[in-house]
Structures are given as structure tokens and as C-alpha cells.
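Remember, predicted model here, so these are calculated numbers, not experimental data.
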Amino acid sequence: MLNEKAAELSRNALPLQLENLKESYPFFRAIYVTDSSYDGQNAKCVKMDYYNGIDAIGIDLEGRSHNIQFKVREKGHNDLVFVVRKVTDSDMIHNPNFGFTFGGNKYSFILNDIDIFCEMINGIIYNVRATDLMSLEYNTKGKNNPYITNVCPQEYYDSKGQKFHSGNYYAFISTDMIMELKERLQIAENKDHYGNQNYEEQ
């Protein structure tokens with residue numbers, strides 16, 4: 001069941017998000033929106049949007065495609081939100097190289113071949129790469145992952161307005177924590193430049 005308010009927020013934010021992506025990723029030579037409602041035309045890739053949550057495709061200089069998801073948070077919602085799945089296989093639960101822990105359970109991000117998540121929160125746009133999220137799946141020895149603020153069931157409404165659980169979950173990350181993560185990754189990726197100085201000393 002379509003949330004008209006959320007749909008309007010998304011439509012209004014889309015031009016700003018597209019412009020932000022062009023500035024943030026100058027190697028994109030074109031960005032195609034998959035949603036047919038964007039330009040009133042029948043989108044060629046509407047199935048990608050409907051089933052996989054892929055809202056746009058960025059084409060780089062060499063013709064490679066990068067799948068993009070757009071989100072806009074309503075006022076009062078201050079965290080970035082990503083879809084995760086609870087890990088139930090006993091072998092994977094005890095695998096230190098898979099998933100993150102929160103509330104005594106282990107979860108793994110569902111990326112659906114999405115390369116870039118572009119979220120607008122309180123008028124500010126945050127771009128998060130799938131590889132950023134992959135870096136959060138590490139062994140915390142049973143303790144909560146410090147970057148995750150909450151995990152709750154992903155729920156939808158059917159055509160009669162009845163709520164149901166999709167089987168997946170939402171993981172919440174504050175904007176401050178996502179920026180800290182991206183800074184840590186930037187330092188780690190370029191440690192020869194930053195030297196051996198600890199992050200806390202930056």
C-alpha cells in the first residue's frame with residue numbers, strides 16, 4: 001500500500017539527490033532513474049525498482065553500471081536505515097567473518113546488488129557504499145556492533161491496511177556514526193598517507 005506522503009517526499013528530493021550524485025561521483029556520465037513515475041514514461045528497468053529496490057543506474061566513463069538506491073527520511077527520523085536479514089544457520093552464527101551482532105542476534109546486510117545508498121536526512125544527503133556496510137560485518141565477540149543503534153522488524157501494509165512482517169529487519173545507524181565509519185575507512189585505505197597515527201589522535 002503506497003504511502004503518499006513518503007512518495008511525495010521522494011519525488012521532491014530526487015532532483016537534489018541526482019545532482020549530489022553527479023557532484024560526488026564525477027566519473028558518472030549518465031544516471032538513469034528506474035521508477036516510471038519520475039518522468040511519466042514507462043521505465044525500462046521498473047522491475048529492478050519493484051523487486052530489488054534499485055532506484056537508479058549510474059553509468060561510468062567505461063560504460064559500467066552502478067546500482068543506486070534513494071531514500072528520504074521524514075522529519076524526526078534521524079538515522080540511516082538499511083535492510084538486514086537475521087542469521088539463523090548455526091554454522092554461520094558462529095562464523096566470526098560473517099554478519100554483525102546486535103541484541104544477542106546476528107544479522108547480515110541485504111545489498112541486492114546495490115552499490116550506493118543515497119539517503120536524505122533533515123535536508124542533508126549521505127552517500128554510503130555497499131562496501132562501507134560490508135566493513136561492519138566483523139566479529140564483536142557477542143557484543144553489540146558499536147555502529148548499530150537499533151534493529152527492528154521490517155513491516156509492510158497490505159492492500160487492506162493490515163501490517164505484516166516481511167521476514168527481514170531494519171538496521172539503524174546514526175548520521176554521526178556513518179560519517180565516523182567513512183572517516184575510519186578513508187584513513188585505513190590510505191594509511192601510508194596518514195602514517196601510524198591512531199584515529200583517536202586525528
Item checked: Distance-minimising heavy-atom pair for I114 and A130 -> O-CB, 3.2 Å
Margin query: If we ignore hydrogens and angles and just use 3.5 Å, is the side chain of Q154 paired with the main-chain N or O of S166 as donor and acceptor?
Written below: no
Note to self: Rounded at 0.5 Å granularity, tell me how far CG in N95 sits from CG in D91.
What the structure shows: 8.5 Å
Notebook entry, point to check: Does the side chain of I68 come within less than 4.5 Å of D55's, by heavy atoms?
Noted result: no
Next item on the list: Please answer whether the main-chain N or O of G103 pairs with a side-chain N or O of N144 as donor and acceptor at a distance below 3.5 Å.
Entry: yes
Note to self: Show the nearest heavy-atom pair for residues Y170 and P153, with the distance to one decimal.
What the structure shows: CD1-O, 4.0 Å
Margin query: Taking CG in N12 as the centre, count heavy atoms belonging to other residues, nucleotides or ligands within less than 6.0 Å. Is the count above 12?
Written below: yes
Check: How close do S174 and T149 get, heavy atom to heavy atom, and via which atoms?
Finding: N-CG2, 4.0 Å
Margin query: Using 0.5 Å steps for rounding, measure from the CG atom of N190 to the CG atom of L185.
Written below: 10.5 Å
Note to self: Main chain of L61, side chain of R64: is a donor-acceptor contact present, judged purely on distance under 3.5 Å?
What the structure shows: no
Item checked: Inter-residue atom distance I54.CD1 - N67.CG, 0.5 Å rounding -> 4.0 Å
Next item on the list: Taking the side chain as every heavy atom from C-beta outward, state whether I173 and L136 have any atom pair closer than 4.5 Å.
Entry: yes
Note to self: Checking F100 against F109 for the ring pair (Phe, Tyr, Trp, His ring centres under 6.0 Å) test, could you report, in this order, the C-alpha distance in whole Å, the side-chain angles of both residues, the deciding distance, and whether it holds?
What the structure shows: CA-CA 9 Å; F100 67 88; F109 289 97; 5.2 Å; yes
Check: Passes side chain to side chain contact (heavy atoms under 4.5 Å, CB included), N78 versus T175? Steps please.
Finding: CA-CA 7 Å; N78 301 317; T175 55; over 6 Å; no
Distance-only check: which donor-acceptor pairs under 3.5 Å involve side-chain atoms of residues 13-20, not counting sequence neighbours?
{"unit_1": "Q17", "atom_1": "NE2", "unit_2": "K71", "atom_2": "O", "d": "3.1"}
{"unit_1": "Q17", "atom_1": "NE2", "unit_2": "C118", "atom_2": "O", "d": "3.2"}
{"unit_1": "N20", "atom_1": "OD1", "unit_2": "S24", "atom_2": "OG", "d": "3.3"}
{"unit_1": "N20", "atom_1": "OD1", "unit_2": "N127", "atom_2": "ND2", "d": "2.7"}

Margin query: Could you check whether atom CZ of R85 has more than 12 heavy atoms from other residues, nucleotides or ligands sitting under 6.0 Å from it?
Written below: no
Check: Does F102 reach the side chain of N150, with side-chain heavy atoms less than 4.5 Å apart?
Finding: yes
Notebook entry, point to check: Below 4.5 Å, heavy atoms only, C-beta onward: do E119 and F82 meet side chain to side chain?
Noted result: yes
Item checked: I57 side chain near T34 side chain, heavy-atom distance below 4.5 Å -> yes
Check: Mind checking whether I124 and I121 have side chains closer than 4.5 Å, heavy atoms only?
Finding: no
Notebook entry, point to check: If we only count heavy atoms from C-beta on, is the L111 to M134 side-chain gap below 4.5 Å?
Noted result: yes
Notebook entry, point to check: side-chain contact (heavy atoms from CB on, under 4.5 Å) with Y107: which of I148, N145, V84?
Noted result: V84
Notebook entry, point to check: Rounded to the nearest 0.5 Å, how far does CD of E137 lie from NZ of K106?
Noted result: 9.0 Å
Check: More than 12 heavy atoms of other residues, nucleotides or ligands under 6.0 Å from NE2 of H165: is that the case?
Finding: yes
Item checked: Set of residues satisfying salt bridge (charged side-chain N to carboxylate O under 4.0 Å, His left out) with respect to D132, sequence neighbours excluded -> R129, K182
Check: Which word best sums up how the rings of F28 and Y25 line up, parallel for under 30°, tilted for 30 to 60°, or perpendicular for over 60°?
Finding: tilted
Next item on the list: Share the residues that join F98 in a hydrophobic cluster, the rule being Ile, Leu, Val, Met, Phe, Trp or Tyr side chains under 4.5 Å apart at the heavy-atom level.
Entry: V87, M92, I93
Note to self: Would you say CD of E62 has more than 12 non-hydrogen atoms from neighbouring residues, nucleotides or ligands within 6.0 angstrom?
What the structure shows: no
Checklist line | From OG1 (T101) to CG (N139), nearest 0.5 Å | finding: 7.0 Å
Note to self: To the nearest 0.5 Å, what is the distance between CG on N122 and NE2 on H77?
What the structure shows: 10.5 Å
Next item on the list: Compare all side-chain heavy atoms of S65 with those of Y32 and state whether any distance is below 4.5 angstrom.
Entry: no
Notebook entry, point to check: If every non-hydrogen atom of S10 is compared with every non-hydrogen atom of V72, which pair is closest and at what distance?
Noted result: CA-CG2, 4.0 Å
